Amino acid sequence: MTATRRNFVFLTQVYPPDPAALGQHLADAAEELARRGHRVTVMTADRGFDDPSQKYNSRETLNGVDVRRLPFGSFGKKSIAVRLASGAVLMAQEIIAGLTMRNIDTIVVSTSPPLGPIAAVVLSRLKRVPLKYWPMDVNPDQMVALEKIRRQSMLVKAFDSMNRVVLRRASSVVALDEKMADLLGSKSDISG
C-alpha cells in the first residue's frame, strides 16, 4: 500500500476486454497503479472499437480498476468522419461524467479517440488537477504522411492547435521514443 493514495482517472476510447493495443497498454498502467494502492477509474466506450456490435458491461472492476463504459462512444472505423463523431460524443460524455466525480487527483489520457485529450484538458482545468499525456501516435501526421490530407489543410491546423494546448497543459508527457519526443516538442513550440 502506498503512503499517499491518489485517485487517477483514465480517459480512453478502448479498454479491455476490447483487444485494441492502446487499451492493453493503458490497462497495464492502470492495473499497476491499482496494485500500488491507488484508486483508478477508467472512462471508456461501451462498444468495441473494431467491432461496434461488441457490447461490454457498463460498469465493472477489472484487476482493481473501476471501469465505467459510456454509451455512444464507438461507432466503428468506417471513415474518419465516423471516428471523429464517435470521439466527440465520447469526449462530451467524459467531461460530464468527470465533472460529477469527486476527489480526482490526476487525469491520464492517450490518443484514442484523437479528440480525447481535449476532454482531459477541460477536466484538468476545471478540477485543477495535473494531466498526464501518453500519446501512442501523433495526429494528424499519419494522414499527412499517407497523403490523405494536405499539411496546409484546416483539419491539420486544428489538430496542431489541439496538440499545442494539450502539450502545454500536461504536467508530464510519456513519449514512445526519442523521435516522438522530438516531434511532440516541435508541436508544442517548446524548444529542446
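Given the structure is predicted, the values throughout are model-derived calculations rather than measurements.
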| query | Donor-acceptor pair, Arg69 side chain versus Asn57 backbone, under 3.5 Å? | reply | yes

One should read off an interatomic distance between Asn63 CG and Glu32 CD, to the nearest 0.5 angstrom, of 11.5 Å

Hits for ring-ring contact (aromatic ring centres under 6.0 Å, His included) against Phe8, two or more places apart or cross-chain, chain-then-number order -> His38

Residue pairs meeting salt bridge (charged side-chain N to carboxylate O under 4.0 Å, His left out), one or both in residues 93-110, sequence neighbours left out, come to none

- prompt: Do the side chains of Val42 and Ile96 join up, straight or via other hydrophobic residues, at under 4.5 Å, putting them in one cluster?
  reply: no

With sequence neighbours left out, the residues meeting side-chain contact (heavy atoms from CB on, under 4.5 Å) with Leu176 are Trp134, Met136, Met180

In this structure, CG of Leu123 is separated from CD1 of Ile95 (nearest 0.5 Å) by 6.0 Å

Taken to the nearest 0.5 Å, the spacing of Arg5 CZ from Asn103 CG works out to 10.5 Å

Please tell me if the side chains of Phe49 and Thr44 come closer than 4.5 Å, counting only heavy atoms from C-beta onward. no

Flag the pair Tyr56 / Pro17 as yes when at least one side-chain heavy-atom distance between them is below 4.5 Å, and no otherwise. yes

The side-chain contact (heavy atoms from CB on, under 4.5 Å) partners of Arg59 (sequence neighbours excluded) come to Asp66, Arg68

Sorted by chain and residue number, the salt bridge (charged side-chain N to carboxylate O under 4.0 Å, His left out) partners of Glu31 (sequence neighbours excluded) come out as none

Shortest non-hydrogen pair, Met91 vs Ala119, comes out as CG-CB, 3.3 Å

Contacts of Ser58 meeting side-chain hydrogen bond (donor to acceptor under 3.5 Å, both in side chains) (sequence neighbours excluded), chain-then-number -> none

Notebook entry, point to check: Is there side-chain contact between Val109 and Val121, with heavy atoms separated by less than 4.5 Å?
Noted result: no

Contacts of Ser153 meeting side-chain contact (heavy atoms from CB on, under 4.5 Å) (sequence neighbours excluded), chain-then-number -> Ile149, Leu155, Val156

Tightest non-hydrogen contact, residues Val173 and Pro135, listed as CG1-CD, 4.1 Å

The reported gap from OH in Tyr15 to CD in Glu60 (rounded to nearest 0.5 angstrom) is 9.5 Å

Taken in chain and number order and not counting sequence neighbours, the residues that satisfy salt bridge (charged side-chain N to carboxylate O under 4.0 Å, His left out) with Arg151 are Asp141, Asp160

Closest heavy-atom pair, Gly64 versus Ala34, reported as atoms and distance to 0.1 Å, is O-CB, 3.6 Å

Determine whether Val108 and Leu11 make a side-chain contact, defined as any pair of heavy atoms from C-beta on separated by less than 4.5 Å.
no

Closest heavy-atom pair, Leu131 versus Val166, reported as atoms and distance to 0.1 Å, is CD2-O, 4.4 Å

Problem - Pairwise side-chain contact, Leu126 with Leu99, heavy-atom cut-off 4.5 Å (strictly under) - result: yes

Between Thr12 and Leu90 the two heavy atoms that sit nearest each other are O-CD2, 3.9 Å

Side-chain contact test, heavy atoms from C-beta onward, threshold under 4.5 Å: evaluate it for Arg150 versus Val144 and give yes or no. no

For residues 37-49, the salt bridge (charged side-chain N to carboxylate O under 4.0 Å, His left out) pairs (sequence neighbours left out) are Asp46-Lys55

Residue set satisfying side-chain contact (heavy atoms from CB on, under 4.5 Å) with Val129, at least two apart, ordered chain then number -> Ile104, Ile107, Lys127

- Message: Quick check: do Leu184 and Leu167 have side-chain heavy atoms less than 4.5 Å from each other?
- Response: yes

Between the side chain of Ser110 and the main-chain N/O of Ser112, is any donor-acceptor distance below 3.5 Å?
-> no

side-chain hydrogen bond (donor to acceptor under 3.5 Å, both in side chains) filter on Gln24, not counting sequence neighbours, yields none

message: Under a 3.5 Å distance rule, please check whether Asn163 uses its side chain to pair with a backbone N or O of Phe159 as donor and acceptor.
response: yes

Smallest heavy-atom separation, Lys132 atom then Ser171 atom, equals NZ-OG, 3.2 Å

With sequence neighbours left out, the residues meeting side-chain hydrogen bond (donor to acceptor under 3.5 Å, both in side chains) with Thr100 are none

- For the residue pair Thr106 and Phe10, establish whether any side-chain heavy-atom pair is separated by less than 4.5 Å. no

